[in-house]
2 protein chains.
Amino acid sequence: MSSTENGAEASARETGRPSPKVPERPHPVTLREVAEAAGVSTATVSLVVNKKKDARIAEETRRRVTDAIRTLGYRPNAMAKTLVSGTSKFIGLVADGVATTPFAGQIIHGAQDEAWKHGYALLIANTEGNGELEQDAIAMMLEYKVRGILYSTWFHRQTDIPPPLREADFVLVNCFSNEQGARAVVPDEVQGGRSATELLLAHGHRRIAFINATIPAPAKDGRLAGYRQALGNAGIPFDPDLVMEAYPDQEGGYRATAGLLQRGAPAVFCYNDRMAMGLYDGLREHGLAIPGDVAVVGFDNQEVIAAHLRPPLSTVALPHYELGAAGVRVLLGIDPAPGGPAKIHCPAVERASVQVQAHA
Amino acid sequence: MSSTENGAEASARETGRPSPKVPERPHPVTLREVAEAAGVSTATVSLVVNKKKDARIAEETRRRVTDAIRTLGYRPNAMAKTLVSGTSKFIGLVADGVATTPFAGQIIHGAQDEAWKHGYALLIANTEGNGELEQDAIAMMLEYKVRGILYSTWFHRQTDIPPPLREADFVLVNCFSNEQGARAVVPDEVQGGRSATELLLAHGHRRIAFINATIPAPAKDGRLAGYRQALGNAGIPFDPDLVMEAYPDQEGGYRATAGLLQRGAPAVFCYNDRMAMGLYDGLREHGLAIPGDVAVVGFDNQEVIAAHLRPPLSTVALPHYELGAAGVRVLLGIDPAPGGPAKIHCPAVERASVQVQAHA
DNA sequence: GTGAAAGCGCTAACAA
DNA sequence: TTGTTAGCGCTTTCAC
């Protein structure tokens with residue numbers, strides 16, 4: 001009689017006391033109950049609920065059904081639906097730390113928006129790079145029969161494909177594998193580096209320094225290549241001496257100040273915004289004005305930093321949102337998957353740190 | 001013959017044409033197939049799979065089953081499982097923008113970690129404050145029979161409870177409602193304001209300014225109350241003139257510089273880190289050193305800012321991760337739900353911006 | 001110890 | 001136009 005667990009209105013009725021903590025809810029209304037209430041068969045209700053175009057239901061019947069649905073507060077059981085259809089409306093997102101990292105969270109956002117657009121819900125798992133957790137997360141997603149899995153990393157890098165991932169339809173996001181046929185979407189670092197440099201070139205600068213990262217990464221090589229391309233396109237010979245390296249954070253940027261001044265370049269492209277932030281401090285200590293004495297361009301477009309430095313920093317955005325969205329599109333076969341990783345455009349964001357009249 | 005990508009060989013064999021876009025995968029292995037392969041009944045397999053303690057299975061049988069599971073690569077179908085049990089292992093997280101906002105993404109992270117710990121997966125929906133989307137998201141979660149829903153906002157505020165939310169077991173995270181019995185977890189702004197002020201008091205300051213926000217919010221009132229409490233505890237009379245207001249961003253902080261200098265306070269507690277960042281610029285322009293001339297404390301602990309300003313900024317952390325985790329615990333009934341919103345501790349983070357020898 | 005069978009809520013033929 | 005029925009993959013009595 002006393003069904004201990006669920007159904008506390010039941011328990012409330014039985015014991016005479018309400019259960020304020022975790023209000024147990026009544027047994028969910030089922031299709032069958034709606035059918036009975038409306039005096040029709042379950043098939044009919046199903047037809048009405050799913051608005052099947054080809055099914056012709058009498059207006060009167062439809063009304064009775066919708067009324068019953070409303071009064072009973074019926075909610076379809078997606079699990080049962082999925083059981084029948086065999087595949088759920090879930091897309092899994094396995095992240096090694098996007099939820100942790102400030103701006104990379106946009107990957108989640110983009111994926112979720114795009115997934116939603118196509119009727120899918122996002123199932124996320126942040127694994128913090130923990131391999132075991134990762135396996136479990138993927139297993140869980142497979143058990144929920146996800147339509148596919150987005151495997152993403154918080155910074156652009158090469159990655160290994162965890163074995164269970166192969167059991168699903170998957171797309172690598174912000175990372176890639178040199179394995180044949182593994183679909184992936186990554187930022188277009190080369191174009192980004194080119195755009196960053198062009199921001200400076202557009203303002204007449206021809207002697208442009210580049211403070212690259214010391215840490216090996218696709219971004220390091222790509223941005224450098226882009227920098228060289230931009231110079232090349234502008235007919236400016238590449239001067240290796242203008243390329244420095246520093247640890248890619250504020251401290252690194254700050255420390256790079258001396259080297260930059262020594263080279264006397266009036267324009268500089270920093271590997272990332274954090275470095276640019278540090279450089280701002282360094283330049284300021286030397287009494288130099290931005291962009292008057294030195295024009296600065298960053299990379300990443302970390303909102304909190306770039307938009308709010310004094311002066312606001314021109315930079316190139318890492319398209320995290322787009323990466324997430326494109327990942328979903330590739331997964332669903334909406335966007336074609338090119339041979340290698342799909343390269344997502346990194347848009348330039350011009351702000352005051354380069355605003356000096358062109359003297360070209 | 002050319003099996004373009006994985007998985008497709010099967011379908012390629014069958015249809016004679018490869019399916020390069022979305023490689024169809026073989027029909028998932030079912031419990032029944034495992035049973036047949038092992039020569040036992042489905043009931044037995046179920047018992048083995050779920051490691052039922054009370055069920056006594058012969059070692060030999062168990063081995064045959066586990067072998068079959070391994071060779072066939074069986075994955076339980078969580079949908080079917082859920083259908084039977086009636087309630088899924090999902091917890092829904094509806095956010096009005098946490099995925100969008102840099103640091104608030106930690107709410108997702110905390111919720112996901114804690115949910116996972118208890119065997120739950122996180123189903124997220126970012127609604128960007130769009131009411132309709134929000135309804136849809138909640139409906140979707142209800143249909144997937146989530147165990148409960150965390151309804152969260154990206155900044156601490158009061159909120160209305162969307163009607164469909166009531167159909168689920170829910171907890172408000174980083175927001176609250178004055179409605180009876182609505183469970184909620186929010187940051188302890190008062191304690192935070194107190195801690196921030198104490199950071200300054202601990203270094204011997206007695207004349208401490210507070211640059212509050214212009215915008216009404218629980219944080220505004222709470223932090224001010226905390227500031228007053230701290231002063232009171234230290235036996236320092238509250239001086240209304242030392243409380244200024246500014247728009248809570250970098251620009252606002254920068255603009256507040258003049259007012260601060262005019263009041264001549266050698267220590268200041270800023271409503272948030274962004275304001276402190278602007279104030280840094282303002283103070284620097286006046287040739288003032290931090291913390292030598294002015295000690296500064298912020299609030300929020302926005303990593304990119306606070307940890308990397310020069311000097312690093314002392315601040316009080318908004319416990320986003322904890323909010324998400326506590327939300328899950330309250331939802332599952334692990335943490336008791338107090339009468340009002342549960343207040344989560346905001347830990348102080350001391351950095352160099354207050355490091356001046358005490359002269360008390 | 002293990003199997004047979006009855007559903008969980010829903011969809012999709014196929015009948016009527 | 002609507003009802004009947006057979007599962008989807010799994011758990012769970014209840015027999016054997």
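So that the names make sense, note that chain A is the first sequence line, chain B the second, and so on, each numbered from 1.
When only modelled atom types and interatomic distance are considered, A:S41 and A:T44 share a side-chain donor-acceptor pair under 3.5 Å. Using a 3.5 Å distance cut-off with no hydrogens or angles, the side chains of A:Q106 and A:H109 do pair a donor with an acceptor.
One can place CG of A:L72 at 15 Å from C1' of C:dG9, the figure rounded to the nearest angstrom. Distance A:R56 CZ to C:dA16 P: 21 Å, rounded to the nearest Å. Rounded to an integer number of Å, the gap from B:E60 CD to C:dT2 C1' is 13 Å. Going from atom CZ of B:R63 over to atom P of C:dG1 covers 17 Å, rounded to whole Å.
The existence of a salt bridge linking B:D335 and B:R183 is excluded, since no basic side-chain nitrogen approaches an acidic carboxylate oxygen closer than 4.0 Å.
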- Task: Go through the steps to decide whether A:D67 and A:R64 satisfy the test salt bridge (charged side-chain N to carboxylate O under 4.0 Å, His left out), and finish with yes or no.
- Result: CA-CA 5 Å; A:D67 280 1; A:R64 284 220 311 283; over 6 Å; no
- For the pair B:T30 and B:N77, evaluate side chain to side chain contact (heavy atoms under 4.5 Å, CB included) and give the outcome as yes or no after the intermediate values. CA-CA 8 Å; B:T30 69; B:N77 182 326; over 6 Å; no
- Do nucleotides 9-16 of chain D as a string where each nucleotide becomes B, S or -: B if the base has a protein heavy atom under 4.0 Å, S if just the sugar-phosphate does, - if no protein is that close. BBBB----
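Heavy-atom contacts from other residues, nucleotides or ligands closer than 6.0 Å to CD of A:E132 number 12 or fewer.
Comparing the helix axis at one end of the helix from C:dG1-D:dC16 to C:dA16-D:dT1 with that at the other, each defined from 5 consecutive pairs, gives an inter-axis angle of 40° (nearest 10°).
Sorted by first and then second residue, the side chain to side chain donor-acceptor pair (under 3.5 Å) pairs involving residues 133-144 of chain A (not counting sequence neighbours) are A:E134-A:Y151.
With rounding to the nearest 0.5 angstrom, the CH2 atom of A:W116 is 6.5 Å from the CG atom of B:L133.
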